[in-house]
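Take a look at the structure below.
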Amino acid sequence: MENFIFGRYMPGNSLVHNLNPAMKILISFYFIVIVFFANNYLTYALLFFLCFISLYLSKIPFGFFLKGIRPLILLIVITVLLQLFFSAGGHIYFSFWIFKITSLGLISAAYIFMRFMLIITISTLLTLTTSPLAISYGIEKILSPLKKIHCPVDTIALMISIALRFVPTLTDEATSIMNAQRSRGVDFGNGNLVKRIKSLIPLLVPLFVSAFKHADELSVAMEARGYSPEMKRTKFKSYLIGMNDYISMMLFFVISLMIIFFRN
């Protein structure tokens, strides 16, 4: 759990770090939409190539990145197995009770696996190269047209950025609590499913207490600094849209056209 990197910010001065936060968020969502248009191995190869180029330009070590998304592999494997054993159609390779492995199931499982990896990669890269304040700025800029209908855009952006900020904090605290419970003899790995679920109670209770404590301390700190959602706020730093932002958007747009052209 200590290797979980989603929500963490890794400071740097790469091309990806210096992109406009609003453009990065838009590009990330645009990429996730493109993923669902891919329907063959060539289109998925183009998307993985785009992810690899983005990761290379971010200057984040590839080994560090893979190590960080490893905790999510279990979720991906469970989803892939469900797709594999419960998808009907095509030639049947194996059949037992309600479980079947078919040619269509194998293809669907492979596509689901690649979709998960692509979405996790681009989402994690976004949080690694964008600080919580920059994410808040980007969300606020994207949702700014909603201010005309009196939507609390500033509050929504602040809530999302705080939630992302506390993901790594709570992950680190969960690791510390687990280590403390292990030193007291709690075993999280052995036993049947019911026993494992019961062993999580000593972890969840202090973790919830810690989360509420953090929320209370944060609210007191914001109130002490005079924060009010009704007041107009100024920005310490302004992010301009530069040439690299337009080039990045054009690259993703060109790749999306190629995927539409090459899809079945």
Side-chain angles (χ1 to χ4, degrees), residues 1-14 16-29 32 58 60 68-69 71-72 120 122-181 200-242 245:
M1 191 165 282
E2 63 270 13
N3 296 326
F4 191 64
I5 60 174
F6 180 79
R8 296 183 188 271
Y9 171 59
M10 190 173 179
N13 194 34
S14 68
V16 180
H17 281 83
N18 294 327
L19 290 176
N20 184 281
M23 292 295 287
K24 271 194 282 188
I25 295 172
L26 286 174
I27 289 173
S28 298
F29 276 100
I32 292 172
S58 70
I60 295 174
I69 64 174
L72 297 171
I120 290 172
I122 203 69
S123 303
T124 306
L125 188 60
L126 172 66
T127 59
L128 281 174
T129 59
T130 316
S131 67
L133 286 177
I135 290 177
S136 176
Y137 174 89
I139 295 173
E140 188 177 334
K141 283 294 182 184
I142 294 170
L143 300 179
S144 57
L146 297 178
K147 290 182 179 180
K148 295 180 179 179
I149 57 173
H150 304 289
C151 180
V153 172
D154 297 344
T155 304
I156 293 172
L158 182 65
M159 289 169 55
I160 295 174
S161 63
I162 289 176
L164 289 174
R165 168 64 184 83
F166 277 98
V167 167
T169 301
L170 293 178
T171 302
D172 293 339
E173 291 204 359
T175 302
S176 300
I177 295 170
M178 288 180 70
N179 292 335
Q181 297 293 348
L200 291 176
I201 295 176
L203 169 65
L204 294 177
V205 173
L207 189 61
F208 273 106
V209 171
S210 176
F212 285 121
K213 181 182 177 182
H214 279 300
D216 182 62
E217 290 175 348
L218 181 62
S219 64
V220 172
M222 293 174 66
E223 185 178 357
R225 287 165 174 78
Y227 175 80
S228 175
E230 288 81 17
M231 295 178 63
K232 184 175 178 61
R233 300 171 59 204
T234 58
K235 305 296 180 185
F236 177 75
K237 182 179 180 180
S238 295
Y239 298 89
L240 301 177
I241 298 178
D245 297 293

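Only heavy atoms go into these numbers, but all of them, side chains included; no hydrogens, no water, no symmetry mates. None of these values were measured; they are calculated from a predicted model.
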Please report the closest heavy-atom contact between H17 and L128, naming both atoms and the distance.
NE2-O, 3.9 Å
By side chain to side chain contact (heavy atoms under 4.5 Å, CB included), S136 pairs with (sequence neighbours left out) A157, S161
Excluding sequence neighbours, so at least two apart, what forms salt bridge (charged side-chain N to carboxylate O under 4.0 Å, His left out) with D154?
K147
For Y9 and P132 the tightest heavy-atom approach is CB-CD, 4.3 Å
For L143, which residues count as a side chain to side chain contact (heavy atoms under 4.5 Å, CB included) partner, sequence neighbours excluded?
I139, L146, V153, I156
Atom CG in D245, atom CG in L19: separation rounded to 0.5 Å?
5.0 Å
Who are the side-chain hydrogen bond (donor to acceptor under 3.5 Å, both in side chains) partners of S219, not counting sequence neighbours?
none
Whether T127 side chain and T124 backbone form a donor-acceptor pair below 3.5 Å:
yes
Let me check something: any side-chain donor-acceptor pairs from residues 201-218 under 3.5 Å, sequence neighbours excluded? List them with distances.
from: S210; atom 1: OG; to: E173; atom 2: OE1; distance (Å): 2.0
from: S210; atom 1: OG; to: E173; atom 2: OE2; distance (Å): 3.3
from: H214; atom 1: NE2; to: E173; atom 2: OE2; distance (Å): 2.6

Find the distance between CG (N18) and CG (N13) and round it off to the nearest 0.5 Å.
5.0 Å
Heavy atoms of other groups near M159 CE, more than 12 under 6.0 Å:
no
Looking only at heavy atoms, the pair that brings A134 and P21 closest together is O-CB, 3.1 Å
Would you check if M23 and I142 make a side-chain contact, meaning some heavy-atom pair closer than 4.5 Å?
no
Note: T129 and S58 closest approach over all heavy atoms is CG2-CB, 4.0 Å
Check: L126 and I25 side chains under 4.5 Å, non-hydrogen atoms
yes
Reported CE-to-CG distance for the pair M222 and L158, which is rounded to 0.5 angstrom:
4.5 Å
Could you work out, with side-chain hydrogen bond (donor to acceptor under 3.5 Å, both in side chains) as the rule, every residue matching T130, not counting sequence neighbours?
K24
Using the side-chain contact (heavy atoms from CB on, under 4.5 Å) rule, take I122 and I32 through it: C-alpha gap first, then chi angles, then the decisive distance, then the call.
CA-CA 8 Å; I122 203 69; I32 292 172; 4.1 Å; yes
